[in-house]
Amino acid sequence: MNIEEIENKLAGYFSTRPEIEVGYIFGSRRSGKENKLEHGLQIAIQSLIDIGGPLMKYHKVICLAVVMLLGFAGKISAQQLGEALDDSTYTWVTGGNADWFGQTAVSYFGGDAVQSGAIGNSSQTYIQTVVTGPVNAGFYYKVSSEEGADFLRLYIDGALTASWSGEVNWTAGSYYVASGTHAVKFVYQKDGTISSGSDAAWVDYFTISPETYPPGKPLNFTATGGGLQAGLSWTAPGNDGYTGDVSSGAYEIRYSSTSGSTPLTAQYAVTISSAWVQGSTNTYSITGLWPESAYYFWIKAKDEAGNWSVWSDTASAIPSGFTDINAGLTGVYLASLSWGDYDNDGDLDLALAGYTGSAWISKIYRSGYSQLQTNSAPSKPISGFTAQPDYNTAKLTLDWNASTDAETPALGLHYEIIMSTVDMNANPAWRPYVVSVTSGAGTGTGGWQNIGNYPHGFISAAHQPGMILSSFQENTTYYWKVRAIDTGLAKSSWSVQQASFIPYAPPSVASISPNSRINAVSRLNKSQQPH
């Protein structure tokens with residue numbers, strides 16, 4: 001109850017008592033929830049009667065009502081609002097065309113609740129506080145008003161989030177408050193005509209709790225293969241299940257090229273920060289995938305409070321080997337092409353010759369890649385060197401661990417081997433035999449570099465770099481070095497020289513039967529008898 005309502009009640013009571021004049025002084029409310037302003041008003045009126053009675057027949061008496069002035073009432077009202085809302089954490093303010101107030105006649109919890117101020121048509125009254133998130137704000141509300149016309153409304157930072165009208169008994173409500181400070185405001189607002197019911201709204205048992213409701217599972221999750229990549233698409237869930245948007249959340253994507261994998265056993269993971277609108281379509285691209293290989297994908301969502309959803313259904317895709325970049329090269333057949341650094345600027349250029357259907361052409365396409373980024377050389381092979389002879393197949397298998405490169409994935413690197421039966425460190429002028437693992441042939445110190453459909457030098461399904469020689473010499477030491485070449489033809493330095501001795505094949509042992517042994521012993525005994 002505000003000071004205007006108190007004044008109106010006093011004026012009504014004393015309208016038939018002209019000998020009494022109403023005034024105000026400072027007073028204080030007695031402690032205890034039961035001693036509300038309305039109860040205090042009744043005490044003040046009775047005091048006026050007790051004091052003024054004996055003097056009324058002689059002269060006009062100035063009676064001072066023991067009530068609170070408006071400014072002081074505002075401070076007490078803030079305390080009273082918190083008590084009635086069962087909330088001691090936040091400071092509540094009230095205003096509009098009338099103030100909300102605490103009362104005991106209608107409540108859900110604790111014997112009291114706050115009630116909207118008495119207002120006329122086309123008016124409003126509000127109660128408001130500031131909450132720091134991320135949290136869940138819980139409360140109970142009750143409404144008795146003209147259906148569809150006079151509303152209790154909830155605003156967060158001035159944005160309408162919920163509204164109720166008509167006869168609504170005590171009902172639980174809640175709203176997620178995002179990170180940061182946010183204004184939470186309840187407004188009871190009337191239209192221009194008609195009143196119904198108690199023409200009021202009540203709010204009680206306001207609570208703040210950590211936000212623990214996770215987002216829903218991302219829906220409609222699909223994957224589409226492209227050139228060495230997969231495009232992912234899904235429908236965004238809500239902040240709480242499938243309700244509400246997320247202003248500062250994240251997605252985690254996991255994927256694997258192994259059939260039968262799950263999100264927990266997937267080989268790869270990527271986390272992306274993201275805001276989203278519930279029900280909207282979101283997309284993301286996973287790049288650097290191996291062509292013509294099946295990949296399996298999963299995704300889950302995180303809200304502002306750090307709650308994760310469950311994993312989505314599985315999506316799968318097979319990336320293609322090439323992507324049309326619309327480079328505008330002239331189409332030819334009966335053609336020949338070759339990569340090379342025509343202008344010596346560190347990137348690859350393309351020489352092209354062939355028949356267009358109407359003329360023979362020769363063109364050089366110069367790359368401008370080096371103007372944007374310098375292609376760095378890969379690292380040299382440093383470990384995993386082995387040499388395993390197979391005497392049955394007459395093949396010698398050499399292998400090593402993969403190099404790394406800033407621009408080219410490990411599976412895209414090529415390798416060269418330099419080999420000799422002469423120690424190259426002791427004879428630096430020796431011109432050894434150079435083999436390009438990519439093409440399987442080559443001579444001289446430059447080797448061959450072939451790009452495209454040639455194998456890269458993998459000797460197993462697990463993409464182990466190596467080379468298999470179809471013949472080798474026994475009782476010989478092979479000296480060999482390896483270097484890596486990326487798709488820009490940048491070469492690493494040679495590895496440390498390896499020295500692999502290939503011994504003679506172990507001799508085979510013929511089987512010996514017992515009969516052969518007996519005959520041999522018999523012949524030996526006869527030869528030792530005297531003549």
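Side-chain atoms of T408 do not come within 3.5 Å of backbone N or O of D405 as any donor-acceptor pair. Within the 3.5 Å criterion, the main-chain N or O of E211 finds a donor-acceptor partner in the side chain of N307. With S316 contributing its side chain and Y296 its backbone, the two residues share no donor-acceptor pair below 3.5 Å. The backbone N or O of T262 lies less than 3.5 Å from no partner atom in the side chain of W298, so there is not a single donor-acceptor pair. Looking at R153, its side chain never comes within 3.5 Å of a backbone N or O of S163 through a donor-acceptor pair. Between the side chain of S312 and the main chain of K300, no donor-acceptor pair closer than 3.5 Å is present.
With sequence neighbours excluded, no residue forms a side chain to side chain donor-acceptor pair (under 3.5 Å) with Y242. Considering only residues two or more places apart in sequence or on other chains, Y141 meets the ring-ring contact (aromatic ring centres under 6.0 Å, His included) condition with W164.
From I299, atom CD1 reaches atom OG1 of T314 across 12.5 Å, with rounding to the nearest 0.5 Å. Once rounded to the nearest 0.5 Å, the distance linking OG1 of T171 with CZ of F139 reads 10.0 Å. For the atom pair CD1 of I318 and CG of L289, the computed distance is 12.0 Å after rounding to the nearest 0.5 Å. Here Q189 contributes atom CD and F151 contributes atom CZ; the two are 9.5 Å apart, rounded to the nearest 0.5 Å. The OG atom of S403 sits 8.0 Å away from atom CD1 of I382, with the distance rounded to the nearest 0.5 Å.
The shortest distance between side-chain heavy atoms of R254 and L264 falls below 4.5 Å.
Ring geometry for Y108 against Y140 counts as parallel: the plane angle stays under 30°, on a 0 to 90° scale with 60° as the upper cut.
Side chain to side chain, N375 and D486 meet the donor-acceptor criterion of an N or O pair below 3.5 Å. Donor-acceptor pairing under 3.5 Å is recorded for the side chains of S376 and E407. Side chains of D199 and Y188: a donor-acceptor N/O pair is present below 3.5 angstrom, by distance only.
Screening Y255, Y268, W311 for a ring pair (Phe, Tyr, Trp, His ring centres under 6.0 Å) involving F297 leaves a single residue, Y255.
The shortest non-hydrogen separation linking T125 to S116 is CG2-CB, 3.8 Å. V246 and K302 get closest at one heavy-atom pair: CG1-O, 4.3 Å.
A salt bridge is defined here as a Lys NZ or Arg NE, NH1 or NH2 lying under 4.0 Å from an Asp or Glu carboxylate O, and D150 with K190 meets this definition.
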